[in-house]
Number of protein chains: 2
Amino acid sequence: MATKKVLDEKALGERAQYFLKVLIERYIAEGLPVGSRTLARDAGLDLSPATIRNVMADLEDMGLITSPHTSAGRVPTISGYRLFVDSLLTVKPLAELEIGQLREQLDLEQEPSDLMESASRLLSGLTRMAGVVMLPRRDRIAFRQIEFLPLSGSRVLAILVTSEEEVHNRIIHAKRVYSRAELEQAANYLNRTFTGQTLEAMRQRLFQDMQKARADLDRIMARAVEMAGQVFGNESGDSDGDCLISGQTNLMDFDELADMALLRQLFDAFAEKHEILHLLDQCMQADGIQIFIGEESGYRQLDNCSVVTAPYEIDNEVAGVLGVIGPTRMAYDRVIPIVDVTAKLLGAALKRR
Amino acid sequence: MATKKVLDEKALGERAQYFLKVLIERYIAEGLPVGSRTLARDAGLDLSPATIRNVMADLEDMGLITSPHTSAGRVPTISGYRLFVDSLLTVKPLAELEIGQLREQLDLEQEPSDLMESASRLLSGLTRMAGVVMLPRRDRIAFRQIEFLPLSGSRVLAILVTSEEEVHNRIIHAKRVYSRAELEQAANYLNRTFTGQTLEAMRQRLFQDMQKARADLDRIMARAVEMAGQVFGNESGDSDGDCLISGQTNLMDFDELADMALLRQLFDAFAEKHEILHLLDQCMQADGIQIFIGEESGYRQLDNCSVVTAPYEIDNEVAGVLGVIGPTRMAYDRVIPIVDVTAKLLGAALKRR
DNA sequence: CATTAGCACTCCAGGCACGGGAGTGCTAAC
DNA sequence: GTTAGCACTCCCGTGCCTGGAGTGCTAATG
């Protein structure tokens with residue numbers, strides 16, 4: 001009766017919560033189903049296995065743990081992990097020393113793209129899982145400078161420099177051969193007009209201009225707008241964002257991911273990047289650490305995986321997301337601070353430039 | 001006695017060779033050890049299994065086949081495959097239709113880098129194994145144009161355009177702030193001096209100039225040389241070449257590569273790229289199709305794999321290498337023409353620009 | 001002398017039974 | 001509420017067996 005009542009109220013006894021915590025910690029550490037005897041020993045309280053069993057039965061009723069088969073121990077379910085992560089977990093902050101080392105590593109890099117690469121590697125190296133860093137989104141990056149260089153024929157090389165001092169280039173096909181001076185004029189116009197705006201804003205404005213074909217656009221402006229339009233047109237076409245993934249092979253060492261067919265799907269997702277990006281994109285909204293456990297992510301390829309992400313900021317504005325992908329059974333208490341700190345350090349390192 | 005004699009002379013009877021061929025073909029098709037009965041049937045000649053057994057024993061003595069255990073059929077060894085590939089194999093050329101489709105696919109791409117990507121994907125797609133394309137080596141690429149753009153502070157953006165219309169950029173740190181005009185002067189000097197030379201030649205000349213600090217270099221030239229030196233210095237530092245690998249996950253479906261530990265090493269090699277590149281580099285020398293079977297490559301990670309490569313040419317000069325990586329037991333008769341044709345088509349497509 | 005049939009032998013794979021170990025749920029007693 | 005006891009379930013490793021596939025050797029054959 002009493003337990004029934006507790007169940008109905010969905011109020012989970014404090015002691016039961018504690019047991020859940022210990023059980024999950026044990027399971028994360030060992031990877032084996034945890035039985036009542038083990039749990040009784042681990043819990044520290046002086047209780048007999050039989051007592052524990054009662055509690056475990058309750059936890060199972062609530063869908064927080066299950067047993068793989070009749071006479072195995074218990075294993076956390078997705079909801080079990082969820083509860084654990086949300087309210088039971090005690091994260092141990094990284095030691096100052098470790099933070100220092102992290103910062104040092106990131107400081108070595110000069111170019112922003114190397115920085116991202118480096119961050120991704122650090123994540124995977126520290127966690128022995130897969131690290132992922134989403135490059136800053138276009139709508140958060142400010143335009144700094146554009147230049148056009150004539151190539152052979154009517155081809156023009158467009159060079160786009162962003163405030164992060166990242167450089168992109170793209171070859172566009174002009175309608176006729178332009179002189180170096182003409183191209184410079186066009187670039188000047190664009191630079192004057194758009195400096196400081198985000199790329200996304202710039203893009204929108206450009207397309208507006210192109211469609212309206214405004215009367216107040218003189219020939220130079222029109223030409224400039226048209227060429228810049230090509231730059232953005234192509235860019236938006238092939239990819240709305242990109243990310244760097246490293247340490248994927250680390251995942252091959254986990255036996256919960258040993259199924260080759262599933263592992264292949266996972267690796268395909270990594271190669272494709274598209275879905276991973278989509279997932280990371282969602283994490284931009286909710287600021288702070290975001291965790292997807294198992295099927296929560298909504299991507300079948302990630303069913304046996306958890307994803308821990310944190311957004312990183314430039315000038316107090318969320319610019320992108322980074323994170324770690326590993327098996328559901330991962331050391332959340334370690335991974336979370338690592339992801340957290342790396343995000344902060346990456347933001348700081350990016351700002352410095 | 002007689003057989004002994006044959007062995008000593010290392011002359012392999014014609015019939016034995018034929019059996020070896022049939023055996024390997026069968027093994028490649030089925031993946032199972034081939035027994036005498038099966039081979040007798042497959043060979044078409046009207047011979048009893050017992051006869052076949054005698055021949056097989058000879059083949060085993062010569063190290064061309066082995067049996068996994070006493071009562072299994074026979075499986076080709078590395079040397080067996082070698083002999084097969086070198087002198088027994090009958091490659092069936094690709095149908096015109098297939099070649100047409102391949103060409104079409106490659107023609108879609110505009111930028112050379114996309115072309116490489118596309119070629120790699122085609123290789124992996126057609127063979128259901130991993131495709132790899134080595135980017136043209138620097139010492140084969142001709143310099144076309146260099147430009148410098150001032151960035152914030154004393155940073156300068158260097159843009160390098162090669163004859164393949166491929167664009168590279170690199171941020172360099174100048175000793176002081178240069179004006180746009182000064183940078184243009186420097187670029188002009190370099191463009192005048194080096195157009196048409198290979199990057200490697202240019203690099204060497206630049207470093208000579210820098211060390212000699214020749215009296216006949218006026219200030220502009222010296223400045224230009226110094227900045228260009230930085231461009232090349234960095235570039236040579238981080239990588240001497242690069243390659244694109246795709247379809248790696250295809251390899252996860254082969255059960256001869258099912259061992260997770262070995263597979264991981266293989267994938268690590270793919271991520272590292274360094275050793276793969278080294279291997280491909282060797283294939284540049286020997287023109288024509290090159291095949292490494294199993295341990296022949298000399299890289300432990302590739303022990304269970306074969307690599308089929310072909311160099312591709314631009315203007316009748318070998319520019320790079322592409323190929324396919326798969327399990328030792330692969331359909332060489334199919335893979336070889338695919339690699340061959342792709343190399344030719346890629347060369348042609350690159351020339352067209 | 002190459003070819004072949006016959007035969008004993010080896011080895012693997014799969015099925016089956018068995019027993020121990022680990023863990024559970026239930027009940028009754030404290 | 002906690003606990004001991006007990007019957008029960010299930011996995012897993014082991015040993016055993018059997019059928020099948022294939023081999024090597026030997027002796028007979030054209």
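Per chain, numbering begins at 1; letters A, B, ... match sequence-line order.
- Contacts of B:Asp86 classified as salt bridge (charged side-chain N to carboxylate O under 4.0 Å, His left out), with partners at least two apart in sequence or in another chain: B:Arg82.
- The 5' end of DNA chain C is approached more closely, in terms of each residue's nearest nucleotide, by B:Val55 than by the other of B:Val55 and B:Pro68.
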Could you pull out all donor-acceptor pairs under 3.5 Å where a side-chain atom in residues 297-304 of chain B meets a protein atom, sequence neighbours excluded?
residue	atom	partner	partner atom	Å
B:Ser297	OG	B:Tyr299	N	3.3
B:Tyr299	OH	B:His278	ND1	3.1
B:Gln301	NE2	B:Glu275	OE2	2.6

What string of B, S and - do you get for nucleotides 20-30 of chain D, 5' to 3', if B is base contact, S is sugar-phosphate-only contact and - is no contact with any protein heavy atom under 4.0 Å? -BBBB------
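- Rounding to whole angstrom units, CG of residue A:Leu45 and P of D:dG1 are separated by 16 Å.
- Within the 4.0 Å cut-off from OP1 or OP2 of D:dT3, at least one side-chain nitrogen or oxygen of A:Thr51 is found.
- Rounding to whole angstrom units, CG of residue B:Leu47 and C1' of C:dA5 are separated by 14 Å.
- A:Ile276 CD1 to A:Lys273 NZ: the interatomic distance, rounded to the nearest 0.5 Å, is 10.5 Å.
- Distance CG (A:Asp46) to C1' (D:dT3): 12 Å, rounded to an integer number of Å.
- Rounded to the nearest 0.5 angstrom, B:Leu123 CG and B:Ile245 CD1 are separated by 12.0 Å.
- Minimum heavy-atom separation, A:Gly131 to A:Ser120: O-OG, 3.2 Å.
- Protein atom CD1 of B:Ile52 is 15 Å distant from nucleotide atom C1' of C:dA5, rounded to whole Å.
- Ring geometry for A:Tyr81 versus A:Tyr332: interplanar angle of 30 to 60°, hence tilted.
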